[in-house]
Amino acid sequence: MQPRVFPAMYWFITFIIMIFIRGSTLVFANDDERYVNCSNLFDCGDIKGVGYPFSGSNRPEYCGYPGLKLDCSDQDPEITIQKLTYKVLDINYQSRNLSVARKDYAENICPTLLLNTTWIPNLLNYTSDDHNITIYYGCPAQGAPSFANSSQFPCTAMTGYFTAVSDLSAFDSFPSNLISYLASCNDSIEVPVRESALQKIVSAPTVTQLLEGLNEGFDFVWNDSLCVTCKASGGQCGYNQNTAAFSCYCKDQPREFSCQQSPPGAQSPTAAQSPSMSSCLLLFFSAGVTLEVNRKTA
Ligand SMILES: *[C@@H]1O[C@H](CO)[C@@H](O)[C@H](O)[C@H]1NC(C)=O
Ligand SMILES: *[C@@H]1O[C@H](CO)[C@@H](O)[C@H](O)[C@H]1NC(C)=O
Ligand SMILES: *[C@@H]1O[C@H](CO)[C@@H](O)[C@H](O)[C@H]1NC(C)=O
Ligand SMILES: *[C@@H]1O[C@H](CO)[C@@H](O)[C@H](O)[C@H]1NC(C)=O
Ligand SMILES: *[C@@H]1O[C@H](CO)[C@@H](O)[C@H](O)[C@H]1NC(C)=O
Ligand SMILES: *[C@@H]1O[C@H](CO)[C@@H](O)[C@H](O)[C@H]1NC(C)=O
Ligand SMILES: *[C@@H]1O[C@H](CO)[C@@H](O)[C@H](O)[C@H]1NC(C)=O
Ligand SMILES: *[C@@H]1O[C@H](CO)[C@@H](O)[C@H](O)[C@H]1NC(C)=O
């Protein structure tokens with residue numbers, strides 16, 4: 001190579017780099033807003049770095065699973081899952097673990113509305129550490145048999161009764177006078193507690209102990225399988241409310257599961273789509289710019 005060539009090379013490379021920087025900025029400015037917005041994480045009280053499957057704060061609802069919206073207006077973060085409001089105690093992204101306590105049992109064993117604890121099929125499930133306690137309401141005030149792990153308690157205008165058994169099949173072994181007493185109660189609900197709380201309630205089946213156990217909360221684990229695939233392909237996880245299905249927000253557009261699946265007829269995003277770039281430069285350099293951008297994001 002002749003020495004005279006170097007200055008020309010220098011300017012040529014600088015030129016390429018300038019275009020690359022300009023081009024990549026423009027591509028960034030063109031990133032799908034849902035991709036950008038769903039890459040936000042937020043803090044909610046003591047809960048840090050909240051992301052999918054949750055929405056709330058700076059994460060619009062399409063960035064989370066429907067209903068999993070954290071309410072951070074208070075110091076105590078809350079979430080309402082199918083009508084029931086829970087205090088959020090912890091979110092653990094390693095074990096995909098959402099620890100919550102029912103808010104309606106924060107102070108009182110007699111809620112005004114009787115609701116079973118519900119989960120979300122395919123997304124939220126209980127863990128093996130969760131055990132149901134059955135609480136009966138509207139039971140006859142008289143005639144409650146005393147029985148292990150059980151206690152009667154008063155509510156305004158009705159009588160309650162709870163049995164702490166870790167396995168519903170235990171009901172089969174109940175004495176017949178207890179079975180017929182429970183059958184005469186008007187309502188029952190299932191509330192989960194952790195194994196450790198269950199042990200304390202079993203050793204002292206009092207309302208105080210039960211309330212304490214309920215407020216220690218229990219865990220939901222969430223199903224991450226779709227999100228793992230999406231994230232690995234460079235996308236941000238979310239939900240498409242129109243199709244009522246998971247959505248993977250990619251830099252250029254939302255896709256069903258992964259940013260690596262190319263929809264029929266779609267072009268890969270290049271600097272060529274940047275409107276402010278002159279066509280002359282495009283003609284010569286768009287291939288190079290695309291290569292650079294791809295290499296950078298790879
Ligand atoms: C994304 O977030 C910005 C800033 O909060 C907001 O102005 C914009 O409307 C959001 N875009 C979409 C598509 O929700
Ligand atoms: C979930 O988190 C809670 C509190 O951080 C912890 O006690 C529990 O063991 C965790 N459960 C699982 C299944 O990781
Ligand atoms: C997790 O979600 C996927 C997709 O919805 C589903 O196919 C799978 O059965 C779920 N797994 C569990 C353990 O719920
Ligand atoms: C949900 O959890 C229960 C109890 O831990 C388990 O038996 C069941 O298989 C789980 N279901 C799914 C879909 O993960
Ligand atoms: C608790 O009870 C519900 C029914 O209300 C049941 O679907 C769920 O599997 C039970 N959970 C455990 C941990 O036994
Ligand atoms: C059960 O409900 C019925 C109808 O509302 C009511 O008449 C009855 O007193 C209730 N039983 C108890 C034990 O509260
Ligand atoms: C009381 O609860 C403990 C712990 O779950 C259980 O081992 C025991 O069988 C229960 N007793 C009865 C009579 O159900
Ligand atoms: C709660 O679930 C139990 C067991 O599935 C059911 O028997 C009971 O009627 C439910 N209670 C309410 C208030 O829905």
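Count residues from 1 along the sequence. The shown structure was predicted, so the numbers you read here are calculated from the model rather than taken from an experiment. FYI, side chains are in, hydrogens and waters are out, and symmetry mates aren't considered; it's all heavy atoms of this structure. Atoms within each ligand, like the ligands themselves, are counted from 1 in listed order.
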Can you name the atoms of ligand 3, numbered from 1 with element, that are less than 4.0 Å from a heavy atom of [X]?
X	answer
N223	1 (C), 2 (O), 3 (C), 8 (C), 10 (C), 11 (N), 12 (C), 14 (O)
S225	1 (C), 2 (O), 3 (C)
N122	1 (C), 2 (O)

In Å and rounded to the nearest 0.5 Å, what is the CZ to OH distance from R102 to Y86?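 One gets 6.0 Å once the value is rounded to the nearest 0.5 Å.
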Gap between atom CH2 of W222 and atom OH of Y93 - 0.5 Å precision: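 If I round to the nearest 0.5 Å, the distance is 5.0 Å.
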For ligand 8, which atoms, with element, lie under 4.0 Å from some heavy atom of L114?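 Answer for ligand 8: 13 (C).
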Please identify which atoms of ligand 8 are closer than 4.0 Å to at least one heavy atom of I189.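 In order of number, 13 (C).
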Which atoms of ligand 2 sit under 4.0 Å from any heavy atom of S95?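 The list of qualifying atoms is 14 (O).
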To which of N116, V191, L115, N186 does the heavy atom nearest atom 1 (C) of ligand 8 belong?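 Comparing heavy atoms across N116, V191, L115, N186, the nearest one to atom 1 (C) of ligand 8 lies in N116.
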Ignoring hydrogens, just give me the one of V221, N97, L98 whose non-hydrogen atom is nearest atom 12 (C) of ligand 2.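 Residue with the shortest heavy-atom distance to the ligand atom: N97.
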Tell me if the CG atom of D46 is crowded by more than 12 foreign heavy atoms within 6.0 Å.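 Open.
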Quick one: does S188 get an N or O within less than 3.5 Å of an N or O on ligand 8?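 Yes, S188 has an N/O under 3.5 Å of an N/O on ligand 8.
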Can you check whether [X] and [Y] have SGs under 2.5 Å apart?
X	Y	answer
C155	C110	yes
C72	C44	yes
C38	C237	no

Proximity flag D219 to ligand 2, non-hydrogen atoms under 4.0 Å: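 Contact present.
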Any salt bridge linking D252 with R255? Criterion: basic side-chain nitrogen under 4.0 Å from a carboxylate oxygen.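 The answer is yes: the pair qualifies as a salt bridge.
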Can you tell whether the side chains of D219 and R194 come within less than 4.0 Å, N to carboxylate O?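 Judged by the 4.0 Å cut-off on N to carboxylate O distance, D219 and R194 do form a salt bridge.
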Looking only at distances, please establish whether an N/O atom of ligand 2 is found under 3.5 Å from an N/O atom of D90.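 It does: an N or O of D90 is found under 3.5 Å from an N or O of ligand 2.
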Can you pull out the closest protein heavy atom to atom 4 (C) of ligand 2? Residue, atom name and distance to 0.1 Å, please.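 Going by distance alone, atom 4 (C) of ligand 2 is nearest to S99 OG, 3.6 Å.
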Given the protein's heavy atoms, is any one of them under 4.0 Å from atom 9 (O) of ligand 2?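 Given the 4.0 Å cut-off, atom 9 (O) of ligand 2 does not count as touching protein heavy atoms.
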Between S196 and E216, which heavy-atom pair has the shortest distance, and what is it?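 Scanning both residues completely, I find the closest heavy atoms to be OG-OE1, 4.4 Å.
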